[in-house]
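Working notes for the structure below.
All figures in this text were calculated on a predicted structure; none of them were measured in a lab.
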2 protein chains.
Amino acid sequence: MAQVPQHKVVLDESEMPTRWYNILADLPTPPPPPLHPGTGQPIGPADLTPIFPMDLILQEVSTERYIDIPEEVQDVYRLWRPSPLFRAHRLERALGTTARIYYKYEGVSPAGSHKPNTAVPQAYYNAKAGIKKLTTETGAGQWGTSLAFACAQFGLECEVWQVRASYDGKPYRKMMIETFGGTIHPSPSDLTEAGRAVLAEHPDSPGSLGVAISEAVEAAAGDPNANYALGSVLNHVLLHQTIIGEEALLQLAKIDESVDLIVGCTGGGSNFGGLTFPFIRETLAAGGAGPVIRAVEPASCPTLTQGVYAYDFGDVAGLTPMMKMHTLGHDFIPDPIHAGGLRYHGMSPLISHLVEEGLMEAVAKGQQDCFAAGVLFARSEGIIPAPEATHALAATVDAANAATEAGESPVILTALSGHGHVDMAAYDAYLTGSLTDHTWEDSELQESVAQALSRLPQVLV
Amino acid sequence: MAQVPQHKVVLDESEMPTRWYNILADLPTPPPPPLHPGTGQPIGPADLTPIFPMDLILQEVSTERYIDIPEEVQDVYRLWRPSPLFRAHRLERALGTTARIYYKYEGVSPAGSHKPNTAVPQAYYNAKAGIKKLTTETGAGQWGTSLAFACAQFGLECEVWQVRASYDGKPYRKMMIETFGGTIHPSPSDLTEAGRAVLAEHPDSPGSLGVAISEAVEAAAGDPNANYALGSVLNHVLLHQTIIGEEALLQLAKIDESVDLIVGCTGGGSNFGGLTFPFIRETLAAGGAGPVIRAVEPASCPTLTQGVYAYDFGDVAGLTPMMKMHTLGHDFIPDPIHAGGLRYHGMSPLISHLVEEGLMEAVAKGQQDCFAAGVLFARSEGIIPAPEATHALAATVDAANAATEAGESPVILTALSGHGHVDMAAYDAYLTGSLTDHTWEDSELQESVAQALSRLPQVLV
């Protein structure tokens, strides 16, 4: 090898951004407001006080362009941030692609994903407001782990309802939440009205994020010392995640690289929004010249590509405000696929609005295609990606192959939202051929992954 | 908070050391040579060629002070190296200690531990020698995962015998090994003479590293296209791990800090040797002035503190050379404790020699004490440590408390060998009170951890 290539761009803690970016300040048109579930009228801050502290409510509706990150939050962020930006040299070599592939890796956090970026400020603002306990739901378990960790930092109790399909399939997530000091229940549970209603009709329900949200909101609303915390979808959550994109901009500037395409998975949209919003700010400031922004969702829960753009509830029981978003209907319960973090019937209203405005596009991928890309990535780059993140990788492989065929050398930036250490049963299912959607949806992807795997020994040495 | 403190020292890839350090060049007296298991005479390079490539055999016996890291190995190292050095501010605050605590974290690697530091060069040198397959044993599963990853980088097959107790208790390790393309068997297995002999006597044997080594060595010795790879104990393995200590020296120099005490866990001794050998070089060069070097081993497998210093086999069946080391006897099968990587009857001959020379000391800790320190660390620093690494943390808490009591402010450097994401069943056992050694061996440690946990909310905000 003539010269050992640079694999990653790291930032010193002193370079960590100290402000979150609020895209609401820059949108050409404002997104439609959330509506009160009872009156159908736009909600005001007072409607949210039963479950959120005022600092977060103000962030939810703020139109300030930048919001300072409190020093107490920076102190916790610095346990893992800034996160690394990688150039995927070894994946590129395996694919034999002319594209340059980068990935921003959030798996270095305590929970192994991007989720602590918002769990920490949410716990902080709640503790500051005198709240003693946070309730929440979790799908894949990433968010519950993150909030349990964050609550430990600020002396809060943490109570988690985990979607039954994930609770049964990922016992290690429960143990991680308990190691961080949290308590956890499978959802639907018999601890809430919402849970009991689902169980009465479907005693074997695998659960869904919508049901688990109803349970956690109900538990918080009934306890004056407790609030609720949501891990995605809402404006303030996406705001907190923008530190990902701000870091990526700094890292790309260090190596004088500009991006042509950004791909990331979307469940509720927070990792995707967090990475892409600062890039969209630059695009808007440049009069529209900027990267293509591509959301990747699971074929079994295709909110952006198959859903309708309409007002809907965020949960099954209809306890949340109605939000205008791409939705499959608030009672939609997707197949128990392994990417639990992407099993949400709706989408962040901000992401939905940006798709409608033409600032983002969306594609859907099947599980089999995604895990194929995930295994190729593990064997070439060494990181076993979370099932959610494999969706971004499948779309990355597609884009890289298209570039190679066209003889072009675009720069692709991939959102690698987390690692899959606690999701290994999903890989086992893939490797043993027992995934629920075990047919290949995309035969070109299948062929290119098989070729790349056979090429690995030759190109990596 | 007056100022957000710096939590970690990161190095750029361009600062990654490009040479390994060979402590054999600097020892006051040479360690006793390994002996041939048949003749009892010192072995020569030719005795090792059935299972090792010549490049590694030469490294095993080299007395050159520095050995260049091949660029192909550097290329893979850069997927995760240099690894971060952390200041444990939040743990210090929880303990209320006057000590300054640093930890060198190897959990950022593809396998989640320090093991890939030697797996990668071992796979590289074997591939360069034309070998097609590597066999190995694995205890906790870290080494098997690491070798499977490394083999994928250089086009080698990888066949792993995993100690039965770990194979049953850690199914995710098997899935990780398979995701990286390796194959895996529980040990004892009926695939080898060595395995069948153990099964004949103990059909329900939980296995041990000694048995699994016999099986893997036997499989390699009988196949001209296969070699064997060992994850610890041997000189060349510890050599490869010295990149840890070389980086730590650079990182401490950046913040102008010098160390008074280094603690790390010891199973076969490779993470511990890797971190400490470069520091011992500095101590020897300074005429003896340097940090105290303290090995921490499990109370249930107390090789250094309770074993004898004598010639013994590295495996159960007596296939390996005899090495002079601290040993509990090559047929010793320790309790199936959760720190599978520390369940080895012997010790690296280099580490043993350094203990005999007075350059290192050793203590033993029980599981309960270790997991208590591990949970405190997870809740304060965010990283869930591997069960092996919790041993170093228990000794760190001890040392920090002693310093506080004495009103001193020593600098403690802790070897955090890996994360515990795939070892969560161990934490579950601790949290539910079902560890095999469920009594506290060290009531002072128990009290200080309980106090620190209760102090967390106040000191972390």
Exercise for the section: Using only heavy-atom distances, determine whether the side chains of K170(A) and Q162(A) contain a donor-acceptor pair under 3.5 Å. Expected result: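 No.
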Problem - Pair E381(B), Y103(B): side-chain N/O donor-acceptor within cut-off below 3.5 Å - result: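 E381(B) vs Y103(B): donor-acceptor pair found between side chains.
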Practice task
Under 4.5 Å heavy-atom distance to chain A, tell me which part of L453(B) shows up: side chain, backbone, both or neither.
Solution key: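 No part of it gets close to chain A.
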Handout entry: Side chain / backbone / both / neither for H419(B) at chain A, heavy atoms under 4.5 Å
Key =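 For H419(B), the contact with chain A is made by the side chain alone.
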Exercise for the section: Mind ranking G382(B), P116(B), P110(B) by heavy-atom pairs under 4.5 Å with chain A and telling me who comes out on top? Expected result: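 Ranked by heavy-atom pairs under 4.5 Å with chain A, first place is G382(B).
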Handout entry: Which of I383(B), D423(B), I384(B) touches chain A most, by non-hydrogen pairs under 4.5 Å
Key =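 Highest number of pairs under 4.5 Å: I384(B).
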Heavy-atom proximity to chain B below 4.5 Å, by part of [X]:
X: V10(A); result: side chain
X: F86(A); result: side chain
X: Q6(A); result: both
X: F149(A); result: side chain

Practice task
Just give me the residue among T432(A), V375(A), V422(A) that pairs up with chain B most often, heavy atom to heavy atom, under 4.5 Å.
Solution key: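 That would be V422(A).
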Practice task
With a 4.5 Å cut-off on heavy-atom pairs, point out which of M176(A), H421(A), K128(A) contacts chain B the most.
Solution key: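 Of M176(A), H421(A), K128(A), H421(A) has the most heavy-atom pairs under 4.5 Å with chain B.
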Practice task
Would you confirm whether E92(B), through its side chain, and I101(B), through its main-chain N or O, come within 3.5 Å as a donor-acceptor pair?
Solution key: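 Checking the backbone N and O of I101(B) against the side chain of E92(B), a donor-acceptor pair under 3.5 Å is found.
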Problem - Partner set under side chain to side chain contact (heavy atoms under 4.5 Å, CB included) for E178(B), not counting sequence neighbours - result: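 For E178(B) the side chain to side chain contact (heavy atoms under 4.5 Å, CB included) partners, ignoring immediate neighbours, are D428(A), L431(A), K174(B), I184(B).
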Exercise for the section: Can you sort out the partners of E15(A) under side chain to side chain donor-acceptor pair (under 3.5 Å), two or more places apart, ordered by chain and number? Expected result: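 With sequence neighbours excluded, E15(A) shows a side chain to side chain donor-acceptor pair (under 3.5 Å) to K254(A), given in chain and number order.
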Practice task
Begin with the C-alpha distance, continue with both residues' side-chain angles, and end with the deciding distance and a verdict on side chain to side chain contact (heavy atoms under 4.5 Å, CB included) for R90(A) and H7(A).
Solution key: CA-CA 9 Å; R90(A) 297 174 78 80; H7(A) 284 286; 4.0 Å; yes
Exercise for the section: Could you point out which residue of R81(B), H114(B), Q74(B) forms a side-chain contact (heavy atoms from CB on, under 4.5 Å) with I243(B)? Expected result: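 So the option named by the test is R81(B).
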